[in-house]
Amino acid sequence: MTTPKRDTYTPETLLTVAVAVFNERGYDGTSMEHLSKAAGISKSSIYHHVTGKEELLRRAVSRATDGLFGILDEPGAGRGRAIEQVEYVTRRTVEVLMAELPYVTLLLRVRGNTRTERWAMERRREFDQRVADLLKAAASDGDLRADMDTRLATRLLFGMVNSLVEWYRPQGAGGYDSHQVAEAVVRMAFDGLRTGPA
């Protein structure tokens, strides 16, 4: 008599598979059937771990937003002048994005079609606003150019950072590590925005 194959998936490994499928097919274009095929387990085995597809989405985007908001609680995000804080937060945002690439990619692609997506978009806006507030404070301190609109600078900064999900792949031959990319982003953004030498 043969023993039935046991489900060797954990909630974490199932989440990894789900995020890959969501990023490939889009959340709306992914069914539980797609997830079970990608995981190589039955749909009922998936339901053993989660209540459904939206719970997997919630866990995935929470991982991304928790990583981003965690940056704001780090000592470097609250120490020194506002310009130093915003540079620190920008650098760490790049590093978190690169470390959690599939999760942040999913976060940036949600469209607001479900309660979880709307929640994720609101969290993103809240994080963006916190960084925008730091940029405004740095401008008020006289450390950023007065001729640059802070709202526009914030959008351009996030556009540059968020574009990493489109081209960055974990380091291989000729690749870049997170420190190199983070430093390049900070130099490009803030050398152009600062009023004087760093």
Side-chain angles (χ1 to χ4, degrees), residues 12 15-16 19 57-110 112 115-171 175-198:
E12 186 62 26
L15 185 62
T16 301
V19 169
L57 177 66
R58 177 74 177 220
R59 288 181 183 188
V61 294
S62 291
R63 181 166 164 170
T65 58
D66 289 352
L68 293 172
F69 276 92
I71 295 166
L72 300 175
D73 294 330
E74 293 173 5
R79 191 172 38 227
R81 294 179 66 84
I83 187 67
E84 294 164 343
Q85 294 173 32
V86 76
E87 286 181 354
Y88 177 87
V89 169
T90 301
R91 186 176 292 110
R92 289 289 295 127
T93 299
V94 171
E95 291 169 353
V96 166
L97 186 151
M98 294 172 79
E100 301 290 349
L101 188 64
Y103 299 90
V104 177
T105 299
L106 182 61
L107 173 65
L108 295 174
R109 291 182 178 164
V110 297
R115 179 181 302 148
T116 297
E117 289 178 288
R118 289 186 293 277
W119 171 83
M121 291 173 74
E122 184 56 38
R123 293 290 284 164
R124 269 179 54 197
R125 281 191 290 274
E126 186 182 338
F127 180 80
D128 293 356
Q129 186 58 53
R130 298 273 300 272
V131 177
D133 291 345
L134 284 175
L135 280 169
K136 286 177 191 163
S140 294
D141 290 346
D143 290 327
L144 294 182
R145 294 169 38 169
D147 64 342
M148 177 61 79
D149 178 74
T150 308
R151 195 166 143 225
L152 176 59
T154 302
R155 289 184 175 197
L156 292 171
L157 178 62
F158 280 115
M160 181 171 36
V161 171
N162 293 342
S163 75
L164 294 173
V165 302
E166 301 303 328
W167 63 265
Y168 174 75
R169 297 299 169 261
Q171 188 172 1
Y176 303 101
D177 67 31
S178 62
H179 178 74
Q180 286 174 297
V181 177
E183 288 306 313
V185 168
V186 168
R187 277 198 314 272
M188 287 180 67
F190 294 101
D191 284 357
L193 289 171
R194 275 185 178 270
T195 54

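Excluded from the calculations below are hydrogen atoms, water molecules and symmetry mates; all remaining heavy atoms, backbone and side chain alike, are included.
Residues Arg124 and Leu108 form a side-chain contact, since some pair of their non-hydrogen atoms from C-beta on lies under 4.5 Å apart. By the 4.5 Å heavy-atom criterion applied to side chains, Thr65 and Trp119 are counted as neighbours. Counting heavy atoms from C-beta outward, Asp133 and Gln129 have side chains that approach closer than 4.5 Å. Residues Thr93 and Val131 fail the side-chain proximity criterion, which asks for heavy atoms closer than 4.5 Å. Inter-residue side-chain proximity for Thr90 and Val185 is flagged as met; some heavy-atom pair is nearer than 4.5 Å.
Within the 3.5 Å criterion, the main-chain N or O of Leu135 finds no donor-acceptor partner in the side chain of Thr150. For Glu95 (side chain) and His179 (main-chain N/O), no donor-acceptor pair under 3.5 Å exists by modelled atom type. In terms of modelled atom types and a separation under 3.5 Å, the side chain of Glu166 and the main chain of Ser163 share no donor-acceptor contact. Remark: side-chain polar atoms of Glu87 are not paired, donor with acceptor, to backbone N or O of Glu84 under 3.5 angstrom.
The two atoms that bring Tyr176 and Met98 nearest to each other are O-CE, 4.2 Å, heavy atoms only. Annotation for Val19 and Ala60: closest pair CG2-CB, 3.5 Å, computed over non-hydrogen atoms. The two residues Phe190 and Val86 have their closest heavy-atom pair at CE2-CG1, 3.7 Å. The shortest non-hydrogen separation linking Ala120 to Val110 is CB-CG2, 4.1 Å. Residues Ala77 and Leu72 share a closest heavy-atom pair of CB-O, 3.7 Å. Taking each heavy atom of Leu97 and Val161 in turn, the nearest pair found is CD1-O, 3.7 Å.
Annotation: Met148, atom CE; neighbour count of heavy atoms from other residues, nucleotides and ligands within 6.0 Å is above 12.
Under the 4.0 Å criterion applied to side-chain N and carboxylate O atoms, Arg145 and Asp147 are assigned as salt-bridge partners. Salt-bridge check for Glu122 with Arg115: failed, with every basic side-chain N at 4.0 Å or more from each acidic carboxylate O.
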Subject >> side chain to side chain contact (heavy atoms under 4.5 Å, CB included) between Glu74 and Tyr88, intermediate numbers included >> reply: CA-CA 10 Å; Glu74 293 173 5; Tyr88 177 87; 2.4 Å; yes
Subject >> Worked verdict on Asn162 versus Val104 for side chain to side chain contact (heavy atoms under 4.5 Å, CB included) >> reply: CA-CA 9 Å; Asn162 293 342; Val104 177; 5.6 Å; no
